[in-house]
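As a basis for the values below, the full set of heavy atoms in this structure was taken, side chains included, without hydrogen atoms, waters or symmetry mates. All figures in this text were calculated on a predicted structure; none of them were measured in a lab. Letters A, B, ... mirror the listed sequences (proteins, then strands); counts begin at 1.
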2 protein chains.
Amino acid sequence: MTQQAFQAHDHKSCIADGVAAAAQSCAARKLQLTKVRQRVLEILLSDHKAMGAYEILDVLRAEGLGSQPPVAYRALEFLTKHGFAHRIERLNAFIACSHLNDPHAPIFLICRSCNRVVEAESDPTKGEIGRAAQQSGFVIERAVREAEGLCPECADAA
Amino acid sequence: MTQQAFQAHDHKSCIADGVAAAAQSCAARKLQLTKVRQRVLEILLSDHKAMGAYEILDVLRAEGLGSQPPVAYRALEFLTKHGFAHRIERLNAFIACSHLNDPHAPIFLICRSCNRVVEAESDPTKGEIGRAAQQSGFVIERAVREAEGLCPECADAA
DNA sequence: TATTGATGTGTTATACTATACGGTATATCG
DNA sequence: CGATATACCGTATAGTATAACACATCAATA
């Protein structure tokens, strides 16, 4: 785990750094980080919670950047496809990536009390899923690994 | 992995055994395996694919067992709550449990080509997710572990 | 320059997934 | 029996996601 969003940290830098890293990555890969895409990334970076597509759309709409669902979904598709954001299946929601470096296979820890989400990372072909796949000759292309529970603070409070 | 649904097997017994085991388990736990609940379980057992709630509802409707979404969702809630079926988050769909014995933490291998799904099993507190949680003091209550890819047969075909 | 193709945006309409709520019936148990 | 909980059904509505078509931009190229 390279980032501990359950703990206090310099959050402003999360946004600035995230956008800067994405911009650089897009430039290097000849991808277009357009206005809407960048704004959606900023919105996702603005906290460590997962946001629904319609929640994001509400923000875009208030800013005149688009009013219909496809606007949000298209931006989210771009961001997730290129690794700048991830989809949390359990929540039908999206979150900015916290490992904007290399291709990676995220694990998410979702606090059901404060709704914060932390992204960890580890090779899915290793571990239990990989072992199960190997036993049956299954070829993994994508792995969903999400844990739901209580973050340290909420666990203490309870 | 105690069952290899990617391979040929006596499928009729999947249904019969599954229903019998569920009936027995319900009796022991004083749960009501009502007509609709049992029928939904049979439908899920009838193949090793995940089925959407509305797909199940279509069958119920054709049989006069109910016509509105809540009918299917209520039965599915019962079945998943008591471990007779599982929800596949990645697919917004449901599948019969193949380990009708003890409480367990399933792993699913989803073939994107033939849509078959196999359930494996292993303790989620161990392995990568547990390690990530432990590092941050996160308390896991439920884990989603789903791999998408190609089953042996479809991988060979490709 | 004119054409073409690829990509992005905007909008309308619709499909798919899921639950809240109100009312009735049935089971269980003191 | 009466009380409580559980299951049921249906209506209505909420929440999530995509198909399809029109228009704009830009880069490569005939």
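- Both A/Ile15 and A/Leu44 are part of a single hydrophobic cluster, where members link through side-chain heavy atoms under 4.5 Å apart.
- Near DNA chain D, meaning a heavy atom under 4.0 Å away, the residues from residues 53-67 of chain A are A/Tyr54.
- At least one donor-acceptor pair closer than 3.5 Å links the side chain of A/Glu55 to the backbone N or O of A/Gly52.
- Under the 3.5 Å distance criterion, the side-chain polar atoms of B/Arg145 are matched with a main-chain donor or acceptor of B/Ala105.
- Distance alone, capped at 3.5 Å, places no donor-acceptor pair between the B/Glu146 side chain and the A/Val144 backbone.
- In this structure, B/Ile107 is not a member of the same hydrophobic cluster as A/Val139, with clusters built from ILVMFWY side-chain heavy atoms closer than 4.5 Å.
- Contacts between residues 19-37 of chain A and DNA chain D, counted as heavy-atom distances below 4.0 Å, involve no residue at all.
- The CG atom of B/Asn92 sits 10 Å away from the P atom of D/dT18 (whole-angstrom rounding).
- The side-chain hydrogen bond (donor to acceptor under 3.5 Å, both in side chains) analysis of residues 60-70 of chain B, with sequence neighbours excluded, yields the pairs B/Arg39-B/Glu63, B/Asp58-B/Arg61.
- In this structure B/Phe78 satisfies the side chain to side chain contact (heavy atoms under 4.5 Å, CB included) test together with B/Cys26, B/Leu31, B/Leu33, B/Arg37, B/His82, B/Phe84, sequence neighbours excluded.
- With a cutoff of under 4.0 Å to any heavy atom of chain A, the contacted region of DNA chain C is bounded 5' to 3' by C/dT7 to C/dT12.
- Scored by the side chain to side chain donor-acceptor pair (under 3.5 Å) test, A/Asp17 finds no partners at all (sequence neighbours excluded).
- A rotation axis mapping the C1' atoms of four pairs onto the next four is fitted at both ends of the helix from C/dT1-D/dA30 to C/dG30-D/dC1 over five pairs, and the angle between these axes is 20° to 10 degrees.
- Under 4.0 angstrom from either OP1 or OP2 of D/dA17 there lies at least one side-chain N or O belonging to A/Arg87.
- Taking every heavy atom of residues 71-80 of chain B and every atom of DNA chain D, pairs under 4.0 Å involve B/Val71, B/Arg74, by number.
- The aromatic ring centroids of A/His86 and A/Phe108 lie less than 6.0 Å from each other.
- Residues A/Arg90 and B/Glu89 are paired through a salt bridge, judged by an N-O separation under 4.0 Å between the basic side chain and the carboxylate.
- Judged by distance alone, with hydrogens and angles left aside, the side-chain atoms of B/Ser25 form no donor-acceptor pair with the main-chain N or O of B/Ala22 at under 3.5 Å.
- Among residue pairs with one or both ends in residues 132-158 of chain B, those qualifying as ring pair (Phe, Tyr, Trp, His ring centres under 6.0 Å) are A/Phe6-B/Phe138; sequence neighbours excluded.
- Partners of B/Gln24 according to the side chain to side chain contact (heavy atoms under 4.5 Å, CB included) rule, which considers only residues two or more places apart in sequence or in another chain, do not exist here.
- The side chain to side chain contact (heavy atoms under 4.5 Å, CB included) test applied to B/Ala21 returns B/Leu100, not counting sequence neighbours.
- When the side chain to side chain contact (heavy atoms under 4.5 Å, CB included) test is applied to A/Arg112, the partners found at least two apart in sequence or on another chain are A/Leu150, B/Glu141.
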